[in-house]
Asks: 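My structure is below; once you've seen it, I'll send some questions.
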Amino acid sequence: MVEIELDGKKVEITEGSMIMHAADKAGTYIPHFCYHKKLSIAANCRMCLVDVEKAPKPMPACATPVTQGMIVRTKSDKAIKAQQSVMEFLLINHPLDCPICDQGGECQLQDLAVGYGASSSRYDEEKRVVPVKDVGPLISMQEMSRCIHCTRCVRFGQEVAGVMELGMIHRGEHSEITTIVSDTVDSELSGNMIDICPVGALTSKPFRYSARTWELSRRKSVSPHDSTGSNLIVQVKNNKVMRVVPLENEDVNECWIADRDRFSYEALNGEDRLMAPMLKQGGEWKTVDWQTALEYVANGLRQIKADHGAQSIGTLASPHSTVEELYLAGALMRGLGSENIDYRLRNAEFPAAQGARWLGTSIASLSSLQRVLVVGSNLRKDHPLFAQRIRQAIKKGGQVCAITDTALDWAMPLAHSAVVPAASWAQALADVAAAIAADKGVEAPAAGNATDAAKAIAQSLLGGERKAILLGNAAAHHAGASSLLALANWIGQQTGATVGYLTEAANTVGAQLAGAQPGNGGLNAGQMLANADGALKAVLLLNTEPRFDSAAGAQGAAALGKAQMVVTLSPFKANMDISDVLLPIAPFTETSGTFVNAEGRVQGFHAVVKPLGETRPAWKVLRVLANLMGVPGFDFESSQDVLVQARGAQDAGQTHVAAGKLDNTTTAPINLAAAGAAPVSASIYQLDGIVRRAASLQLTADARNAAMAAAAREEVAA
């Protein structure tokens, strides 16, 4: 440790730290633009100049290392004059268009200009103008004349997103930030550039000119998309969601969010919203009141149960639904005498429920892993924020190996990779296990061939200390998922690596804990989607669209359409071709609920706006439906009451799921021949109904490429 004197106070700081770090520790604010705690030091803006005793001139606090006994003054005349001079230079070319700037009210330049800027300028030359750039549907670069060349956006792309999509070209007054790889910015984390831009040069294209920052109410929430469980600030005006930005949580999403977390809000007020219950009568959709719709559903379920038995009724639920919704959906089915409920619509294998499958380690620990093996995941697109953390681990010397069926651009260097068909993933893991067994002199768990690729992956896993084997969405959906898990567990035991699932959705872990899986004799999602001989007479679809959300796709949707009654509970006009009833349920912004993320962290949230139209929270709809059918035990007054019953009174207040309920072990035998069709995984902007309907996200390169690939698959199938 090094001790310095900062504005008369003694501060102890780690050797090698900068003056800025010491100031942060001491709670002393030093004005800055280019410095950001998550990015490398560039010392571009010079706004952080401070007075260091014995130094001939002011020094940049962000780039000056501390030394023993150093004396620093941040408020001396020398420091203040230096900062005022820098501000004068920064404003020479700035357009000073604060009244129409989207950044007005939350702009660092605006704030610091009040304290360090003059009331007039000595420069009367013409201000420079930077050409307008169109970089895609998410980020606006219309006003790059405002740019102060802090290069935060450039460094973010290089260091966090892994792709240097923006760069600085030319020199002096001709310098400008522009795209350097292609004409558009296509990173799945690109929206974070808007947040870290200290001026109004990069702004949100969907939000542009729609509200001023001081008009917005700020409310906390949790992302309903991937399994990170990103913490959000949802900004609201006139009961409408206007913008979504990150809420900093170092243990979960740090200060970043993925673009689908940021821009998916567009769907919440889109034309596709279902505003009132609807019934299909004579092939025509008619709007009805809640009482009529719920009585129609209750009477239909009662009649079908009487005619065909409770086992002819089933529920398919989305793992993007809350714990409360999934628990009540299961309780309703079981109250009717049916065990037909499942959330695993994309799975090809359905082992009996044991413990909840989870990440196997904390999200924060991903940043410090030394060895990682990823199986069956397009990590960068499936889990952008997990990929970002693993990217940081690589910078610290970590190694990442992968087993996938396609060569993918992960925006990070892979130490070793094996690209093999999905049907051969179990064999590829068996080969790695054989190489480890040969190295350690133990018996391999299955017949494998220690190929050069397998040996390279094995040697990587045998080195280092902190290690993890991560099974991706495609591995979880695989026909031989249990065999992959059994092999991964054996490799983990031999190498000291944790084993876990990246988990697909916002509440995949919560769905398992809430009992949204069939019990004894119940039909799993695969059997319900097949609907052999039309055995399923009534189907409830909770927040899901089987055409897009299931492995069976259009065929599965058509099979469900053969049922006598299909009831869709959705915020959107979904499944209209196969449904008989549409019940409008609240999206995450209009209801309270709980998600459990990949690491087992339990995160509750409240509604941030009132339900739109006649929309109602799904837990209330399920409660009333159960009451109408006389199912006992549905006397809940709030979503919190449901959560207490779902988790048990002992666990209800805990922020993490009890360790005993999380379990990645398996007793299934290893079957290297388990193959079946290639696993079906959703593309990044097709993951759930909200993302699918977000207009700007569907204009991105990822969405367009996925649409073309889907069209090609349909053409081949036809």
Asks: Should Asn575 and Pro546 count as side-chain neighbours, where that means a heavy-atom distance under 4.5 Å?
Replies: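 In contact.
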
Asks: Can you name the closest pair of heavy atoms from Leu612 and Asn269 and give their distance?
Replies: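 Taking every non-hydrogen atom into account, CD2-OD1, 4.3 Å.
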
Asks: To the nearest 0.5 angstrom, please state how far the NZ atom of Lys620 sits from the CG atom of Leu328.
Replies: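 Here the rounded value is 12.5 Å.
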
Asks: Are any side-chain N or O atoms of Thr228 and backbone N or O atoms of Phe386, one a donor and one an acceptor, separated by less than 3.5 Å?
Replies: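 Between the backbone of Phe386 and the side chain of Thr228 there is no qualifying donor-acceptor contact (under 3.5 Å).
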
Asks: Ignoring hydrogens and angles, state whether a donor on the side chain of Ser579 or Thr568 is under 3.5 Å from an acceptor on the partner side chain.
Replies: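 Side-chain D/A pair, Ser579 to Thr568: present.
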
Asks: Is there a side-chain contact between Asp259 and Pro384, using heavy atoms and a 4.5 Å cut-off?
Replies: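 With C-beta onward as the side chain, the pair stays apart.
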
Asks: Side chains of Arg380 and Ser187: any donor to acceptor distance under 3.5 Å?
Replies: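 The criterion, which ignores hydrogens and geometry beyond distance, is not satisfied for Arg380 and Ser187.
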
Asks: Report yes or no: is the cationic atom of Arg243 (NZ for Lys, CZ for Arg) closer than 6.0 Å to the six-membered ring centre of Phe207, at no more than 45° off its axis?
Replies: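 Pair Arg243/Phe207 counts as cation-pi.
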
Asks: Keeping to residues at least two apart or across chains, list the salt bridge (Lys or Arg N to Asp or Glu O under 4.0 Å) pairs with something in residues 655-664.
Replies: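 The answer is Asp651-Lys661.
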
Asks: Between Leu540 and Leu301, is any pair of side-chain heavy atoms under 4.5 Å apart?
Replies: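 Yes; the side chains approach each other to less than 4.5 Å.
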
Asks: Quick one: list whatever passes side chain to side chain donor-acceptor pair (under 3.5 Å) with Thr666, sequence neighbours left out.
Replies: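 Per chain and number, Thr666 pairs via side chain to side chain donor-acceptor pair (under 3.5 Å) with no residue.
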
Asks: Would you check if Val624 and Arg616 make a side-chain contact, meaning some heavy-atom pair closer than 4.5 Å?
Replies: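 No, their side chains stay 4.5 Å or more apart.
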
Asks: Do NZ/NE/NH1/NH2 and the carboxylate oxygens of Lys38 and Glu248 come within less than 4.0 Å?
Replies: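 No, this pair does not count.
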
Asks: Taking atom types as modelled, is there a side-chain donor on Asn231 or Gln603 under 3.5 Å from an acceptor on the other?
Replies: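 Yes, a side-chain donor-acceptor pair sits under 3.5 Å.
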
Asks: Does the Glu215 side chain pair with the main chain of Lys237, one donor and one acceptor, at a distance under 3.5 Å?
Replies: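 Such a contact is absent between Glu215 side chain and Lys237 backbone.
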
Asks: Should the ring pair Phe636 and Phe634 be called parallel, tilted or perpendicular, given that the plane angle runs from 0 to 90° and is split at 30 and 60?
Replies: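 Answer is perpendicular, since the angle exceeds 60°.
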
Asks: Indicate the atoms forming the closest heavy-atom contact of Asn507 with Ser321, along with that distance.
Replies: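 Asn507 and Ser321 have their closest heavy atoms at ND2-O, 2.9 Å.
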
Asks: Give a yes or no on whether the backbone of Leu216 and the side-chain of Arg218 come within a donor-acceptor separation of less than 3.5 Å.
Replies: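 It does hold such a pair.
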
Asks: Taking the side chain from Glu325 and the backbone from Thr322, do they hold a donor-acceptor pair closer than 3.5 Å?
Replies: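 Here the side-chain-to-backbone pair exists.
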
Asks: Quick check for you: to the nearest 0.5 Å, what is the distance between Leu369 atom CG and Leu470 atom CG?
Replies: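 Result: 7.0 Å between the selected atoms.
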
Asks: So which atom in Glu599 and which in Thr361 form the shortest heavy-atom distance, rounded to 0.1 Å?
Replies: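 Minimum heavy-atom separation between Glu599 and Thr361: CB-O, 3.7 Å.
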
Asks: Please name the pair of heavy atoms, one in Val222 and one in Gly229, separated by the smallest distance, quoted to 0.1 Å.
Replies: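 Closest heavy-atom pair between Val222 and Gly229: CG1-O, 3.8 Å.
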
Asks: If you look only at pairs with a residue in residues 507-518, which of them pass as a salt bridge (Lys or Arg N to Asp or Glu O under 4.0 Å), with sequence neighbours excluded?
Replies: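 Found none.
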
Asks: Using the rule given for side-chain contact (heavy atoms from CB on, under 4.5 Å), can you reason through Val160 versus Asn192, listing the C-alpha separation, both sets of side-chain angles and the distance that settles it, and then say yes or no?
Replies: CA-CA 10 Å; Val160 180; Asn192 293 291; over 6 Å; no

Asks: Can you pull out every salt bridge (Lys or Arg N to Asp or Glu O under 4.0 Å) where at least one residue sits in residues 337-348? Sequence neighbours excluded, please.
Replies: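 Non-adjacent pairs meeting salt bridge (Lys or Arg N to Asp or Glu O under 4.0 Å): Arg334-Glu339, Asp342-Arg344, Arg346-Glu504, Arg346-Asp549.
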
Asks: Can you pull the ring-ring contact (aromatic ring centres under 6.0 Å, His included) pairs that have at least one residue in residues 582-626, sequence neighbours excluded?
Replies: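 Listed once each, the pairs are Phe595-Phe605.
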
Asks: Do the side chain of Ser482 and the main chain of Ala668 share a donor and acceptor less than 3.5 angstrom apart?
Replies: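 Answer holds: no.
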
Asks: If we ignore hydrogens and angles and just use 3.5 Å, is the side chain of Gln392 paired with the main-chain N or O of Glu159 as donor and acceptor?
Replies: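 Side chain of Gln392 to backbone of Glu159: a pair is present.
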
Asks: Does Asp688 reach the side chain of Arg260, with side-chain heavy atoms less than 4.5 Å apart?
Replies: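 Of all side-chain heavy-atom pairs linking Arg260 with Asp688, none is under 4.5 Å.
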
Asks: I need the full list of salt bridge (Lys or Arg N to Asp or Glu O under 4.0 Å) pairs touching residues 386-395, with sequence neighbours left out, sorted by first then second residue.
Replies: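 Pairs touching residues 386-395 that pass the test: Glu254-Arg389.
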
Asks: Determine yes or no for a side-chain-to-main-chain donor-acceptor pair under 3.5 angstrom, with His320 supplying the side chain and Ala505 the backbone.
Replies: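 The answer is no, because no donor-acceptor pair under 3.5 Å joins these two groups.
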
Asks: Closest approach of Glu324 and Ser639, non-hydrogen atoms and distance?
Replies: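 Reported closest heavy-atom pair: CG-O, 3.4 Å.
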
Asks: Using 0.5 Å steps for rounding, measure from the CD1 atom of Ile13 to the NZ atom of Lys25.
Replies: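 Output value for this atom pair is 5.0 Å.
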
Asks: So does Met242 get a backbone contact from the side chain of Tyr265, meaning a donor-acceptor N/O pair under 3.5 Å?
Replies: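 Checked: pair present.
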
Asks: Counting N and O atoms only, with roles assigned by atom type, does the side chain of Lys467 sit under 3.5 Å from a partner on the main chain of Leu461, one being a donor and the other an acceptor?
Replies: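 Looks like yes, one N/O pair under 3.5 Å.
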
Asks: In sequence, state the C-alpha distance, the side-chain angles, and the governing distance for Thr503 and Thr508, and then conclude on side chain to side chain donor-acceptor pair (under 3.5 Å).
Replies: CA-CA 6 Å; Thr503 72; Thr508 300; 4.9 Å; no

Asks: Working to the nearest 0.5 Å, report the span between OG1 of Thr665 and CG of Leu485.
Replies: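 If I round to the nearest 0.5 Å, the distance is 7.5 Å.
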
Asks: If you take all heavy atoms of Ser367 and Lys396, which pair is closest and at what distance?
Replies: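 Heavy-atom minimum between the residues: O-NZ, 3.1 Å.
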
Asks: Do any N or O atoms from the side chain of Arg466 and from the backbone of Gln370 form a donor-acceptor pair under 3.5 angstrom?
Replies: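 Judged by distance alone, no pair lies under 3.5 Å.
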
Asks: Answer yes or no: is there a side-chain heavy-atom contact under 4.5 Å between Phe572 and Arg273?
Replies: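 Side chain of Phe572 against side chain of Arg273, heavy atoms only: contact under 4.5 Å found.
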
Asks: Are any non-hydrogen side-chain atoms of Gln527 and Asn340 less than 4.5 angstrom apart?
Replies: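 In short, these two side chains do not touch, never coming nearer than 4.5 Å.
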
Asks: Output the distance between atom CG (Leu622) and atom CE (Met333), rounded to the nearest 0.5 Å.
Replies: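 Going from the CG atom of Leu622 to the CE atom of Met333 covers 9.0 Å.
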
Asks: So, His383 and Ser377: side-chain donor and acceptor under 3.5 Å apart, yes or no?
Replies: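 Distance-only check fails for His383 and Ser377.
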
Asks: For a 4.5 angstrom cut-off between non-hydrogen side-chain atoms, does Thr544 reach Tyr343?
Replies: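 Contact flag for Thr544/Tyr343 side chains = no.
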
